[in-house]
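FYI, the numbering just counts along the sequence from 1.
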Amino acid sequence: MNANQKSHQPATKDQARAARQRAIDFARASVGLEGFTLSPEVEAINRSFIAGKLTGEEHIAAIRAAVLHG
């Protein structure tokens, strides 16, 4: 398989967790560049997502609820 081909193997739990961590780190950095910091409540939601306790959709819904109602 060359570098341009993607494997059809499912991601391992560690790979999936690492991908979720990278996504949160990217989002945190982006928000930080705008001069904001994430609340402890949002960071707790992020930790649950990274740990695999929330799906992507559940994560987004929880963040929206925290921001809109918190």
Search all heavy atoms of T37 against all heavy atoms of V31 and return the closest pair with its distance.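 T37 and V31 have their closest heavy atoms at N-CG1, 4.4 Å.
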
If I take atom CG from residue L54 and atom CG from residue N46, how far apart are they, to the nearest 0.5 angstrom?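 Between atom CG of L54 and atom CG of N46 there are 9.5 Å.
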
Quick check for you: to the nearest 0.5 Å, what is the distance between I63 atom CD1 and L68 atom CG?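 Interatomic distance, I63 CD1 to L68 CG, rounded to 0.5 Å: 11.0 Å.
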
Sorted by first residue and then second, give each ring pair (Phe, Tyr, Trp, His ring centres under 6.0 Å) pair with at least one member in residues 13-33; sequence neighbours left out.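 Qualifying pairs: none.
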
Got a sec, which pairs hit ring pair (Phe, Tyr, Trp, His ring centres under 6.0 Å) with one end in residues 28-66, sequence neighbours left out?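 Of all non-adjacent pairs touching residues 28-66, those that pass ring pair (Phe, Tyr, Trp, His ring centres under 6.0 Å) are F49-H59.
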
Cluster link I60 to V42, ILVMFWY, side chain under 4.5 Å: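 No, it is not one cluster - the side chains of I60 and V42 are not joined through contacts under 4.5 Å.
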
Which residues share a side chain to side chain contact (heavy atoms under 4.5 Å, CB included) with A51, sequence neighbours left out: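 Testing A51 for side chain to side chain contact (heavy atoms under 4.5 Å, CB included), a comparison that skips the adjacent residues, returns R17, K53.
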
For T55, all residues meeting side chain to side chain contact (heavy atoms under 4.5 Å, CB included), sequence neighbours excluded: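 T55: side chain to side chain contact (heavy atoms under 4.5 Å, CB included) contacts with E57, E58.
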
Pairs flagged by side chain to side chain donor-acceptor pair (under 3.5 Å) wherever residues 23-32 is involved - sequence neighbours left out: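 Sorted pair list: Q21-D25, D25-R28, R28-E43.
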
